[in-house]
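Single-structure report; data block below.
Each ligand, and each atom within it, is numbered from 1 in the order the structure gives.
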Amino acid sequence: MEIVPNVHVIPGTVVNVYLLIDADGLTLIDTGLAGNDKKVLKYIAELGLQPQDLKRIILTHSDGDHVGALAALKAATGAQTYANPIEAKAIQAGHPSRALKVHGVVAVLFKMMSIFFKAKPAAIDELLSNGQALPVLGGLRVIETIGHTPGHISLFAPSANILFAGDSMTADKEGQLRTSGGRNTWDAAKAIEAVKIQAALGAQIVCVGHGPIVHDAINKFPMV
Ligand SMILES: [Zn+2]
C-alpha cells in the first residue's frame, strides 16, 4: 500500500515493513518475522520489479519480529544490510539486544512464545551512526532513539517529512503515538528522551512498527 509517492507499507506482516523506492533501487525498513520474506518478495514482484532491485535493508533494532526474515531476504536479493553497532552484534548472533523484564510464570510463558520470534543470525554489512544520511529518498537520516533497545534507531526523510520510528513508539487505533514502555523496554527514561528527539523533527507522517500510519503527526506525539 502506498503511503505517499515512493513510500509503501507491505501488508500482512506482524510488524509494519516499509519499502522505499528510488531510481537506483529499493530500500526496506525492517523485515517482519521469519517467513515474511515471501510477502516482501511478492510485493516487489507486484510492483513489476525483481528481487535484485532490493538494494538496502535497514534494521531499526534486533527484535525477532523486525529481523526474522532478514537472512532469507539477504540471500534472495543480495541487498546490503544496515544497523546500529549494538543491534548489529545481536542480529549477527541471532538474539535480541536486551532481555525482557519478566520473572516466574510469565518468564516461562515468554520463553515458550520466543520460538515464534526467533531470528536466524544474519550479517550486517554497514554500521550506522547517529546523524548519518543514507542515499534514500533524497537523504534518509539516522536518528538514535535508544530506550526500547540499547541501540534502536529511527529514520527521518525530510524530503517527504516522514519518520520511521520502529518500536521507539507505537500507534493506537485512534492514531495517537505512545512511548515504548513495559516489559520489552530496555530503559524507560531513555525511551522518553527518544520521543522528545523525534517530536522536535517536525515530521508530518510517522510510520511505527506496530499500529496504523500516523498522519498530521505533529500533535499526536505522547506528552513527555
Ligand atoms: Zn521491538
| said: Check this for me: Lys120, atom NZ, are more than 12 non-hydrogen atoms of other residues, nucleotides or ligands nearer than 6.0 Å? | reply: no
| field | Ring-ring centroid check His66 His210, cutoff 6.0 Å | value | yes
| Shell of protein N/O/S atoms around the Zn ion (ligand 1), taken as anything under 2.8 Å | His61 NE2, Asp63 OD2, His148 NE2, Asp167 OD2
| field | Side-chain cluster (under 4.5 Å, hydrophobic types only) that Leu127 belongs to, other residues | value | Ile10, Val15, Val17, Leu19, Ile21, Leu26, Leu28, Val40, Leu41, Tyr43, Ile44, Leu47, Leu49, Leu54, Ile57, Leu59, Val67, Leu70, Leu73, Ile91, Ile124
| note | Besides Ile162, the hydrophobic cluster formed by Ile, Leu, Val, Met, Phe, Trp and Tyr side chains linked at under 4.5 Å, directly or via other members, contains Met1, Ile3, Val4, Val7, Val9, Tyr18, Leu20, Ile29, Ile58, Tyr82, Leu128, Leu134, Val136, Leu137, Leu140, Val142, Ile153, Leu155, Phe164, Ile205, Ile213
| query | Could you give the distance from NE2 (His61) to OG (Ser97), rounded to the nearest 0.5 Å? | reply | 7.5 Å
| note | Contacts of Asp22 meeting side chain to side chain donor-acceptor pair (under 3.5 Å) (sequence neighbours excluded), chain-then-number -> none
